[in-house]
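Below, read A as the first sequence line, B as the second, and so on, with proteins coming before strands; counting in each chain starts at 1. All values below were derived from every heavy atom in this structure, side-chain atoms included, with hydrogens, water molecules and symmetry-related copies excluded. Just so it is clear, the model here is predicted, and its values are computed rather than measured.
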Amino acid sequence: MSTTALNLDQLNAAQREAVATTEGPVMVIAGAGSGKTRVITHRIAYLIGTRRARASEILALTFTNKAAKEMKERVEKLLGADAAKDLWIGTFHSNFARLLRQHAELLGFSTNYSIYDQDDANRLIKEIMGELGINAQTLSPDTIQNVISNAKNKFVLASQFASQARDYVEDQAAKVYLRYAERLQKNNALDFDDLLIKPIELFLQRPDILEHYQHRFQYLMIDEYQDTNRAQYIVSKMLAAKHRNICVVGDDAQSIYSWRGADISNILNFQGDYPDAKIIRLEENYRSTQTILNLANKVIAQNKEQLKKRLFTRNEEGEPATLFICEDERREADKIAQTIRNLKLAKGYQNSDFAVFYRTNAQSRAIEEALRTHGIPYQVFGALSFYKLKEIKDVVAYLRFVLNPRDEESLLRVINFPARGIGEASVEKLRALANEEGLTLYELVCGAARYDLPPRLVSALNEFRMLIESLEQISRHASAYEVVAELYRQTRLLELLKEENSPEAKTRFDNLQEFLSFARRFSDENPDENSLNAFAQSVALMSETEDKNGDSNKVSLMTIHAAKGLEFPVVFVTGLEEKLFPLHLDDRKQLEEERRLFYVALTRAEKKLYLSYAKNRYRFGNLQPSLKSRFIDELDGELVVTEGGKSLCDLRAEEKERKRIIRDDDHAPDDFGDLSERWREPKSKKSFVPKPAAPSVPSETTYRAGMRVSHKMFGRGKIISVQGAGDDAKAKIYFERAGEKTLVLKFANLTVIE
DNA sequence: CTCATTAACGTTTTT
DNA sequence: CGTTAATGAG
């Protein structure tokens, strides 16, 4: 195929090798900005173009919908939409959800199974904990959910987990896990983890089915292999066992999801699994300036655990990075906004050329505010996904329930939405009755007339049942869009919101409308007969990022996790403070992951990098001093300048000098703000002296959270919380100088400050 | 049963 | 600080 040959000429030698080595196990170590997606898409095109494989024989697994979508589009560009349409390109979750739809019966599920996201699963776990009498105060549902999810990620099933539970938490979690699995089965529902685990169970039960897929998917490709967990590892190994045409692409330096069960040893040990594997390194970076790359390389070099590689670029050297040292988060945000405005004027950049990264979503607020006051358009990614909004989830729950009447969780969600007089008390009564009668809740709803229930309730239930039945009727022959439209019509959802006449209602109105048009688009693009099921399931696996329009001219705000895989001409990495970034620094492993995250942040930048930190930051509502991040110290000082034009090197020398002077003067060193260029000003000393003690108050004083207090040893602070009463009363207090302490009030001898 | 006010709570990341 | 869960009045 001439087009394919032409395409290969555009690749460098390593990329070409990665594309053309189609047979046998291959691991591509793709450094940041080295053209990874290009390699995968060309490889697919090459396989098809040279007739080594048909499109339907290729399975390409990605980590995010966005990556899948991009890959699909680029393959289509190379081959034409028609040639690419039989490809299985998608996330692990969506591809296996699709596969499971075909075989659900064998696992005791129907093809219309519901997919529960984290929220749904959490609700169910809370419910189960209630049933088991586990106190949610002692053991949070989130913890239990985490434990269960981790077990699933490692392909440890409930019974096995129960038999190997080691401590109290695991023991309780095991009880919940067992019942949780039962309940999912009863509801005909799978959670996200199940989408990975159930295929393994299926393949173990039915080797013939495994063989079918081994034969069908002659070529297996896995993107972001460093992010795969144990379950994903197992299932890919099973699928590749026969033909062994497995090509994994990844970068251990960008592994940032270990908290979610990603197992970096999957990529580190690939060669152990496949001793004959061909290892190909993509080391030429096409994205960033040399300066940016040098900074990043030096940062990542401080990690012990990693595969050897050396990234280089032939791009221009570029400007040094700029470091902003700010008083507080507002000035940090302001500085960023000003810089954006100036760069737009001076260098002709557009809004969309800028990205502002932060470690935690909470940090976006200050930045948004500053951008707003400067009149700079922006978009925030990821914070809360469109599909996680209550109103959207409620509508989706309707669709799920129409498809899957066994799904009690969805039923509970919609039975009184919009409010139709079936409140909590009624629902509890109905559930108890259903239990007594040995019926499912919905069976009882359908036969409500036969029981001695308040007539108003019976008629409300009847109305609800008729709604569900008519939607079910429509779903048999009409598209997902038509079902959603009919749901809106019958429930008068939009009208009800309009009548509310509040701004919140207006937003929800808009969201529902957007969902409707999304359904229409989906139905237009996927006109198969089973479309409501496909629609509901893909919505469950959807997150927002991918369907926000990327072409609008706005500054992008996002967490660094969300930034992976993206690139921007100008990047701001904010909040470089200890305990913020790095957020977790308890052990080396966590710290190395934070460092990889920093590496990811730096390598997103094409032309210019700005780094910043604030010496004070609001946390839980009050201003706290922060220490500059150790990551700043790890940077190559020659490649970073401050606003004043001084290099980081000079600054470090000054810092050293200053510490020496302070030591000689026998002053207690204060340990933040140490990069300040105004260190000579004697003022700075004063600002840390606590105020003289406020008038004392009687010992009977009741202390409340939020009160400002002063302590002899610890100085000024603010009460975070108070526990207990009388002589035993303790308060958790955040002290400006000493940090968080828990004190027995009786002995603390606090004074209240106005 | 619904709406209001209040208390508690937490801020990592995503399929 | 801002959001959500829990409680109490109407």
Using a 4.0 Å heavy-atom cut-off, does [X] contact any base of the nucleic acid, only the sugar-phosphate backbone, or nothing at all?
X      : value
A:N416 : sugar-phosphate
A:S94  : nothing
A:Y618 : nothing
A:A540 : nothing
A:F92  : nothing
A:Q118 : base

Mind calculating the distance between [atom1] ([X]) and [atom2] ([N]) to the nearest angstrom?
X      : N      : atom1 : atom2 : value
A:K69  : B:dT15 : NZ    : C1'   : 17 Å
A:L196 : B:dT15 : CG    : P     : 13 Å
A:D227 : B:dT14 : CG    : C1'   : 10 Å
A:L580 : B:dG10 : CG    : P     : 18 Å
A:N146 : B:dT14 : CG    : C1'   : 13 Å
A:I422 : B:dT2  : CD1   : P     : 10 Å
A:F96  : B:dT15 : CZ    : C1'   : 13 Å
A:K152 : B:dT15 : NZ    : P     : 18 Å

Which two nucleotides bound the region of DNA chain C that has atoms under 4.0 Å from heavy atoms of chain A, read 5' to 3'?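 Answer, 5' to 3': C:dC1 to C:dG2.
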From [options], nucleotide with atom closest to [X] side chain:
X      : options               : value
A:N65  : B:dT2, B:dT14, B:dT15 : B:dT15
A:A425 : B:dT15, B:dT14, B:dC1 : B:dC1
A:H561 : B:dT15, B:dT14, B:dT2 : B:dT14

Salt-bridge test for [X] and [Y]: reply yes if a basic N is under 4.0 Å from a carboxylate O, no otherwise.
X      : Y      : answer
A:K198 : A:E201 : yes
A:R617 : A:E329 : yes
A:R492 : A:E499 : yes

Strictly under 6.0 Å, is that where the ring centroids of A:F572 and A:F357 end up?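 A:F572 vs A:F357: aromatic centres not under 6.0 Å.
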By side chain to side chain donor-acceptor pair (under 3.5 Å) - contacts of A:Y378 (at least two apart):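 If we apply the side chain to side chain donor-acceptor pair (under 3.5 Å) test to A:Y378, skipping adjacent residues, the hits are A:E368, A:R372.
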Please name all residues satisfying side chain to side chain donor-acceptor pair (under 3.5 Å) with A:D251, sequence neighbours left out, ordered by chain then number. A:Q254, A:K309
Under the side chain to side chain contact (heavy atoms under 4.5 Å, CB included) criterion, do A:Q537 and A:Y113 qualify, and how do the steps go? CA-CA 8 Å; A:Q537 293 197 354; A:Y113 64 86; 3.5 Å; yes
For A:R420 and A:F63, take the nucleotide of DNA chain B holding the closest heavy atom to each; which residue's nucleotide lies nearer the 5' end? A:R420
Earlier contact from the 5' end, DNA chain B, for A:E594 and A:E424: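 Checking each residue's closest nucleotide, the 5'-ward one belongs to A:E424.
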Measure the shortest side-chain to side-chain distance between A:R98 and A:W88 over non-hydrogen atoms and say whether it is less than 4.5 angstrom. yes
